[in-house]
Amino acid sequence: MNIKHLLTEKTQAAFIALGLPADTNAAVTVSTKPEFGDYQINGAMAAAKLLKTNPRQLAEQLLAHLSLEGIAEKTEIAGPGFINVTLAKSWLAAELETAAIDTRLGVSTNVTPQTVVVDYSAPNLAKEMHVGHLRSTIIGDAVVRTLEFWGDKVIRQNHMGDWGTQFGMLIAHLEDKLAAGVDLEQVALADLEDFYREAKKRFDDEAGFADKSRDYVVQLQSGDAHCKKLWQLFIDTSVKHSEELYKKLNVTLTNADIKPESAYNDMLQGIIDDLKTKALAEESMGALVVFLQELADKDGNPSPFIVQKTGGGFLYSTTDLAACQYRSHTLNADRIIIFTDARQALHFKQVELVARKAGYLRDATSYDHCPFGTMMGEDGKPFKTRTGGTVKLAELLEEAVVRAKAVVKEKASDLTDTEVEEVARKVGIGAVKFADLSKNRTSDYIFSWNAMLSFEGATAPYLQYAYTRVRSILRRADINDNFVAKVLLVDEQEKQLAVKLLRFEETLAQVIKDAQPNLLCNYLYELASLYMTFYEACPILKEGVEPAQRDSRLMLSIFAARMLKQGLELLGIETMERM
RNA sequence: GCGCCCGUAGCUCAGUCGGAUAGAGCAACGGCCUUCUAAGCCGUAGGCCAUAGGUUCGAAUCCUAUCGGGCGCGCCA
């Protein structure tokens, strides 16, 4: 059930009856205040502007043609031409009863499933995952889960960076160590960070090392067996590391989803040849470049997009073009979604332009780069730890669980040790994920231990707690899974909860359209909050509650619990029976 | 220099294809546990939506300029 969609359709029908175009914007929104009902239709005012007529009069005509028989118990025109709709309790109750016996919680099934390629997480191999990888990983995963729930065919792609200059650098460093007689076993691959830092330092400071590194990149990309063997060492270690983290984070990415840069290697020369044939790329200062007039500065200087380096090496631009070809033509994607930080916005704009011109992206494939801001410290300056490094993701998660455990022990003394461990893990990880998922900002965001590890207010533990409260009541009520009762919406708290419960699909549609899980976070927090209000105001199992009312409230509770669980599951956050 | 993103309560953020009196959480203050889990609930206080113009019935939202922050601009990803 999508109430907004339903009201929009009804309004559009009324517009047509008035002789207005079918695509006139109905502008249906949730009412801003309780006295304005549940939904408001604002389309009459904009339409009146177009027609140059009186908005209030048009709203009246619109209302006369609007058939909300049985759906609304009150409709009224207010202000300059708002139409306020108060939904009928009987209708809400009936819809709720239908939704409650549905395995999909009343969410309709996608009638036109799409193939969606989602590119997310993308850790850099040979570098341990740090907090900066959190956003892409968990936002991508939440969107993927939501798309799948809706019914799209999702292809996860973990575009690991494993093929560029940095790898040449690591191999060059490793080669030197081996040449100096260090045994392969002793090379500290386990501590990739240190190894990477050493190599990077040499790359920046040591004469000749950078050139040597670039040579290794060319060798690697042209398939040299020895280089590939060394490269494989780094891959294996890194993949193992990120797999562990995905498991801890409850992220659905697996080994099978890894589609690293190297996977496109065989396509790269073909892309270059093709760009030359199509006269899109030209030689400039020794490199091969596509000049984009579309992104020219105001003096008319085109934006350069290097596709092949001096010396023949390929770059991530080449790889991303190949990825377009593969995803759009081979995988037949209708939509490609890429989650990376905003610094790469220009790059992806260039990739799309070139890919469209060269035909690597079909017209039918949409290409959505979903950016997010740079991570800042609590001082508002670019984030660095005291030692100038980054916070390791594994460290953050560990800290989260430790802190959660302390709180769990303090608040829930009746749990067994095993339960404490489990609850602490779910609460700690959930808190970290929710803190990040609930923010929409495309602008920079602040990394703060306290914000990440907060267990009060609009946090995952709040939602998990709401869930356990409902579950506790349902246990006490001693009812089975098939419990069904008539829904009676009498108190205001019951009605508000009911309306919110029926807004799930509306929310999911928006999350999918904008690739923004924070909308789902907001929804679930509001749902939990309304449940808490209902819980405090409307007794269920207490003395003096009429059986019919008790059963209706149990129905609301069962449905709210299922909704919370489902919603959190789409966010990749686990629930528990007690906490 | 040019370009992109951003500026909303003391703090962290919602709200931005124009809609009614701008919302939450944290922090502060005041209430609520012999009764379904107080990680909770109810209430109070807190705002020139960076600034200045413009567009119109109506602007946090759209346009222009200025200030402030971040990022990006030919061989890193």
Side-chain angles (χ1 to χ4, degrees), chain A residues 25 27 29 31-33 35-36 40 42 45-46 48-49 55 78-82 84 122 124 159 161 163-166 169 203 214 261 284-289 295-299 301 303-311 313 315-317 319-320 340-347 349 371 373-374 376 378 380-382 407-408 410-412 414 427 435 438-446 448 450-451 454-459 461-462 464-466 468-477 518-519 521-522 525-526 529 532-533 535-537 539-543 545 553 557 578-579:
Chain A
N25 189 2
T29 64
S31 293
T32 50
K33 290 183 185 303
E35 57 263 40
F36 301 150
Q40 54 186 62
N42 301 334
M45 290 176 286
K49 196 173 190 171
F82 298 98
N84 293 334
N124 214 330
H159 194 81
W163 208 236
T165 306
Q166 296 187 0
M169 178 177 102
F203 187 84
R214 289 196 192 95
E261 291 181 291
S284 168
M285 297 156 79
L288 204 65
V289 183
L295 298 173
D297 65 21
K298 66 176 184 181
D299 296 327
N301 301 312
S303 171
F305 183 63
I306 299 176
V307 292
Q308 188 172 28
K309 297 190 274 192
T310 303
L315 304 94
Y316 81 139
S317 56
T319 309
D320 280 332
T340 76
D341 71 273
R343 286 177 292 195
Q344 299 187 46
L346 176 61
H347 166 74
K349 209 179 274 180
T374 311
M376 312 294 267
E378 295 193 60
K381 297 264 191 290
V407 179
V408 174
E410 180 200 326
K411 309 238 177 199
D414 57 330
V427 165
S438 58
K439 285 170 184 57
N440 168 37
R441 319 219 115 238
T442 50
S443 63
D444 304 331
Y445 61 103
I446 305 218
S448 143
N450 286 335
S454 167
F455 303 134
E456 278 176 9
T459 62
Y462 178 90
Q464 291 165 324
Y465 179 65
T468 59
R469 275 185 137 181
V470 196
R471 294 301 301 168
S472 173
I473 285 185
L474 298 179
R475 274 195 305 274
R476 279 169 180 270
N518 70 301
L519 300 170
C521 292
N522 290 348
Y525 176 71
E526 283 163 10
S529 179
M532 292 285 200
T533 301
Y535 176 98
E536 303 276 346
I540 302 172
L541 304 177
K542 293 184 182 179
E543 301 249 334
V545 181
R553 287 176 176 171
S557 296
R578 305 202 301 150
M579 68 186 274

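All chains are named by letter (A, B, ...) in the order of the sequence lines, taking the proteins before the strands, and each is independently numbered beginning at 1.
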Indicate whether A:Y525 forms a stack on B:A24; treat it as stacked only if centroid distance is below 5.5 angstrom and interplanar angle below 30 degrees.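 Stacking between A:Y525 and B:A24: absent.
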Is there aromatic stacking of A:F305 against B:G74, centre distance under 5.5 Å, plane angle under 30°?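 No, A:F305 does not stack on the base of B:G74, since the centre distance and plane angle fail the 5.5 Å and 30° test.
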Donor-acceptor pair (no angle test) under 3.5 Å: [X] side chain, [N] base:
| X | N | answer |
| --- | --- | --- |
| A:Y465 | B:A39 | no |
| A:N42 | B:A20 | no |
| A:K49 | B:G58 | yes |
| A:T310 | B:C75 | yes |

Considering only side-chain heavy atoms of [X], which listed nucleotide, [options], is closest?
| X | options | result |
| --- | --- | --- |
| A:T32 | B:A20, B:C76, B:A14 | B:A20 |
| A:K309 | B:G40, B:C76, B:G15 | B:C76 |
| A:I446 | B:C5, B:C41, B:C13 | B:C13 |
| A:P539 | B:U37, B:C36, B:G15 | B:C36 |
| A:Y535 | B:U37, B:A77, B:C5 | B:U37 |
| A:A458 | B:G74, B:G25, B:A14 | B:G25 |
| A:P80 | B:G40, B:C57, B:A39 | B:C57 |
| A:M579 | B:A39, B:C36, B:C41 | B:A39 |
| A:L315 | B:C76, B:G23, B:C73 | B:C76 |
| A:A78 | B:A20, B:C6, B:G40 | B:A20 |

Please work out whether B:G74 sits syn or anti, treating a glycosidic angle within 90° of 0 as syn.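 Nucleotide B:G74 adopts syn.
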Between [X] and [N], is there a contact of a side-chain N or O with OP1 or OP2 at under 4.0 Å?
| X | N | result |
| --- | --- | --- |
| A:T165 | B:C75 | no |
| A:S284 | B:G74 | no |
| A:K33 | B:G23 | yes |
| A:R476 | B:U37 | yes |
| A:S529 | B:A24 | no |

What's the [atom1]-[atom2] distance between [X] and [N], to the nearest Å?
| X | N | atom1 | atom2 | value |
| --- | --- | --- | --- | --- |
| A:D444 | B:C6 | CG | P | 10 Å |
| A:E456 | B:A24 | CD | P | 19 Å |
| A:N440 | B:C13 | CG | C1' | 10 Å |

Might you work through the ring-ring contact (aromatic ring centres under 6.0 Å, His included) test for A:F36 and A:F82, ending with a clear yes or no? CA-CA 9 Å; A:F36 301 150; A:F82 298 98; 7.2 Å; no
Using the criterion of both pairing distances under 3.5 Å for Watson-Crick and G-U wobble pairs, give all stems of 3 or more consecutive pairs involving RNA chain B.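 Stem list for RNA chain B: B:1-7 with B:67-73, B:10-13 with B:23-26, B:28-32 with B:40-44, B:50-54 with B:62-66.
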With distance as the sole criterion, is a donor-acceptor pair present between the side chains of A:K349 and A:S303 under 3.5 Å?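 Side chains of A:K349 and A:S303: no pair found under 3.5 Å.
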Regarding A:F82, tell me which of base, sugar-phosphate or nothing describes its non-hydrogen contacts under 4.0 Å with the strands shown.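 Counting heavy atoms under 4.0 Å across all strands, the contact made by A:F82 includes a base.
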May I ask you to say what A:N84 touches in the nucleic acid, namely base, sugar-phosphate or nothing, with a heavy-atom cut-off under 4.0 Å?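 Base: the residue A:N84, judged by heavy atoms under 4.0 Å, touches a nucleobase.
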